Protein chains: 4
Amino acid sequence: MNLIVKPRRKPSQSRAWMTSGAIQDAFLLLVVEHGYEQVSIRDIATLAGVGLGTLYLYFPGKDSIAAVTVRSRLRRLAADTQAACATGVPRTLAETVHVLARVHVHTLLGEAAPWRALLVLERRITPPGVYRELYKAFVQVLRDACAVAIDWPAELDPERSALNAFAIIDALVKNALLVQDVCPDADELLHDVECAVNGYFQKALERSRAATASA
Amino acid sequence: MNLIVKPRRKPSQSRAWMTSGAIQDAFLLLVVEHGYEQVSIRDIATLAGVGLGTLYLYFPGKDSIAAVTVRSRLRRLAADTQAACATGVPRTLAETVHVLARVHVHTLLGEAAPWRALLVLERRITPPGVYRELYKAFVQVLRDACAVAIDWPAELDPERSALNAFAIIDALVKNALLVQDVCPDADELLHDVECAVNGYFQKALERSRAATASA
Amino acid sequence: MNLIVKPRRKPSQSRAWMTSGAIQDAFLLLVVEHGYEQVSIRDIATLAGVGLGTLYLYFPGKDSIAAVTVRSRLRRLAADTQAACATGVPRTLAETVHVLARVHVHTLLGEAAPWRALLVLERRITPPGVYRELYKAFVQVLRDACAVAIDWPAELDPERSALNAFAIIDALVKNALLVQDVCPDADELLHDVECAVNGYFQKALERSRAATASA
Amino acid sequence: MNLIVKPRRKPSQSRAWMTSGAIQDAFLLLVVEHGYEQVSIRDIATLAGVGLGTLYLYFPGKDSIAAVTVRSRLRRLAADTQAACATGVPRTLAETVHVLARVHVHTLLGEAAPWRALLVLERRITPPGVYRELYKAFVQVLRDACAVAIDWPAELDPERSALNAFAIIDALVKNALLVQDVCPDADELLHDVECAVNGYFQKALERSRAATASA
DNA sequence: CATGAATGAGTATTCATTCAT
DNA sequence: CATGAATGAATACTCATTCAT
């Protein structure tokens, strides 16, 4: 028989948001500067301006800080992307792709250094399950945005197309930040992304029609 | 390489090769089973059947084992890809893309489980610099392969095109292994990859010509 | 702010007594269940139904709670023992020993489980100084009780005899609670205790007289 | 098979014994000086002259060091006691008690300071189960020693008598070390112990015979 | 009087690495 | 070449305590 039920002590709401944010910011800053392994819990607490014990009121451990930091920022990016597509104006598929790509490219290249750090961190700490979950959140946004395009070709499978389209966008942008020696101009990158996505849609459509015709 | 085998001096080298391989295999096995963090140098040495000190004769440290394991396998993939394109037969760009994509897709999906483990590990441990280096090795292969296509369009920048093309191939294949719930059929995936790459080349060419014309 | 001065002055004291008791009870309960090390100040405060800071109004720290809990209970036992001997009726030494032993044996074996817990706790937390102090309190009671026995032999040193007598009583009772697999019957134990104490007195007297005679 | 017997160095065993002993000695020394809580693993390792990690090759943790230190010393005392009784010469019960008591008293008072420290430590760290186990080991020794006395009275239960006799010896000796302000002379203490034990045996016998006669 | 959010000192423990054999 | 006993640097985390409310 256990007489003690230990409840998770929880900080108050308004303060919680601030403190948690400060901790995440401090964490990301330190990771950028020194790398994940070299960042100690003490460093984070110090830079965040909170006590060591306080940090543990908000996060159960170091891994959790990393996970929340990555997830919150990527989810926010997904939300921003969705918001950018949410205008009631009817759009063609090419226009939709343009908007989607532009948000992605400009957001990340607009603050290249922190995003590069976040992406490196994400590779480092995100377990496969979370990776999949985050990925799919983006795919949902793309699928919904493309599906309402006025010229969406019925021949294409929305789910599969969106998956591939996002993979392409994501790959090219990560390419720019993580692989290329000198980060390319945002508009050049945007151009390539649009080429790739629109080219994929067009070619997929051609092949689909060819297959149907031959059948 | 030297085709003349001199058996007298080789035992140490062949032993070295064997031991190093055994260590890498043990390492990969343990990582798949327990995760990178949980694998200790001792575990690796024990499973590889070598002494603790012996391990340090072959690798300077734990990180090195991980790095070599990942690098050697990815470099071998790059080499296989290069070899597949190395036949003297002239080819069109589309044929080249087909060969490249097919090697990549079939190699990885042919042994999906170990490759998935390797890719997860690679995300986990590869530092940015090594990532870039490995990526570029693949880009070189693509660039060289495409550049000799009989219909390579002079308007396209080989380097940039190859970079984007490999990003697309890589993204779609990783997608299949790491994101999708059920790993797609290799031929379906190959189809998508070809659509995306060929579509990208085509659209890039169109835009390039349009830009030139308008100028 | 309440500017009206409340005439009652006592609530604080009765409240103080209640709260302190609740804290001690909670502490003892938790120690019995989880062991001293596992009990945190938070647990005690929670189970006692008081705030964390409130606890510090009654006790300066964790050790103090343990010390007070043990001391108050052992002092009460000493007081009860003293009270049992305090009747004005003249008694022989054997009768006195009987009363003393009976109180000790029946009190502890009457509620064996909690007393066992208390004795285990006492071993665990009582520092040497406090142990000595508590021990001497009991010795005082014994000495005073024996000294007024109508047949107290002048040859025996009261202090030393009482010390040994209490050591014997205490040892046999603790034996019963802490060592023996099955707690013996109270009357059997009482019999042994009386044998030992009376036997000690008798033998000590014999030797004392023999020594005097030979001198 | 290697038939050549290599002179196997046994640094492991002889070294193990030395190192373990050094650690225990260091531990006991530090506990005497600063108290159990204040002794850190680091201090122990430093004073023992071994590395921090080395300590963990011999003991799984701090508690283990304490437990082994206490148990090994108390078991050695029990073994010494047993050895002292092991002479083939027939003895009376009183002679046996004398030998037993003398070993106990002289051993502990002979090195009062370290034994006091050990007993304080024992109270502090020994869990009830271990306490019982150690206690019973001593009782065994007493029972076996008394049972072969040439005048052992058949009326007494050997187990119960030995339990009480040891409780008395133990109590008076601990008394001397832990309670009394000035440690008494060994011979005086021995006198008291013999009085108490012999008195107990005599009185128990009297009562037993009285009970039999009345029945 | 009562509270509990915030604090940070203090420590056990792991494990990569070395070097004597 | 091979070994593994010995090492100690490095760090996450707990929990008693305080003090502003």
Side-chain angles (χ1 to χ4, degrees), chain A residues 6-7 9-13 15-16 19 37-46 49-65, chain B residues 11-12 15-16 19 37-46 49-65, chain C residues 2 6 11-13 15-16 19 37-46 48-65, chain D residues 6 8-9 11-12 15-16 19 37-46 49-65:
Chain A
K6 288 194 178 179
R9 289 186 295 124
K10 206 179 168 184
S12 61
Q13 293 290 334
R15 195 71 175 268
T19 305
E37 292 294 337
Q38 303 305 324
V39 175
S40 75
I41 291 274
R42 279 202 130 77
D43 296 334
I44 302 170
T46 302
V50 299
L52 191 52
T54 308
L55 191 148
Y56 281 92
L57 295 177
Y58 293 87
F59 297 93
K62 189 179 175 183
D63 292 346
S64 174
I65 302 175
Chain B
S12 63
R15 183 68 172 275
T19 304
E37 290 295 329
Q38 304 305 325
V39 177
S40 73
I41 289 274
R42 281 200 125 78
D43 296 334
I44 301 169
T46 302
V50 300
L52 195 48
T54 309
L55 194 147
Y56 281 88
L57 297 175
Y58 293 87
F59 296 94
K62 186 182 178 184
D63 292 345
S64 173
I65 301 174
Chain C
N2 195 343
K6 295 187 178 181
S12 61
Q13 287 191 17
R15 185 67 173 274
T19 304
E37 290 294 329
Q38 304 305 325
V39 176
S40 73
I41 288 275
R42 281 202 127 77
D43 296 333
I44 302 169
T46 302
V50 300
L52 193 50
T54 309
L55 194 146
Y56 281 89
L57 296 176
Y58 293 87
F59 296 94
K62 187 183 178 183
D63 293 345
S64 173
I65 301 174
Chain D
K6 294 183 179 178
R8 275 208 171 205
R9 289 171 298 111
S12 58
R15 190 71 172 273
T19 304
E37 290 295 333
Q38 303 306 324
V39 176
S40 75
I41 291 275
R42 278 203 130 76
D43 296 333
I44 301 170
T46 302
V50 299
L52 194 50
T54 309
L55 192 147
Y56 281 90
L57 295 178
Y58 293 87
F59 297 94
K62 188 180 177 183
D63 292 346
S64 175
I65 301 175

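Source: prediction; values computed, not measured.
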**Asked** Whole Å only: how far is the CG atom of B:D63 from the C1' atom of E:dC15?
**Response** 13 Å
**Complete:** Per atom distances to the B:I41 side chain, the nearest of E:dT17, F:dA2, E:dA6 is E:dT17
**Request:** Please name all residues satisfying side-chain contact (heavy atoms from CB on, under 4.5 Å) with B:T46, sequence neighbours left out, ordered by chain then number.
**Result:** none
**Prompt:** Residues two or more places apart in sequence or in another chain: which of them pass side-chain contact (heavy atoms from CB on, under 4.5 Å) with A:D63?
**Reply:** A:Y36
**Prompt:** Looking only at side-chain N and O atoms, does C:S40 come under 4.0 Å of OP1 or OP2 in F:dC15?
**Reply:** no
**Prompt:** Think D:Y58 has a side-chain N or O under 4.0 angstrom from the OP1 or OP2 of F:dA5?
**Reply:** no
**Prompt:** Quick one: does A:R42 reach the base of E:dA9 with a side-chain donor-acceptor pair under 3.5 Å?
**Reply:** yes
**Sequence-distant partners of C:S64, side-chain hydrogen bond (donor to acceptor under 3.5 Å, both in side chains), two or more places apart** = none
**Message:** According to side-chain hydrogen bond (donor to acceptor under 3.5 Å, both in side chains), who are the partners of B:Q38, at least two apart in sequence or on a separate chain?
**Reply:** none
**Position toward the 5' end of DNA chain F (nearest nucleotide), A:V39 or D:L57** = D:L57
**Request:** Nearest-nucleotide wise, let me know which of A:Q38 and B:V50 is further upstream toward the 5' end of DNA chain F.
**Result:** B:V50
Atom pairs under 3.5 Å, N or O on each side, protein against nucleotides 18-21 of chain F: can you list them with distances?
none

**Request:** Starting from Watson-Crick (N1-N3 plus N6-O4 or O6-N4) and G-U wobble pairs under 3.5 Å, report the runs of at least three that DNA chain E belongs to.
**Result:** E:2-21 with F:2-21
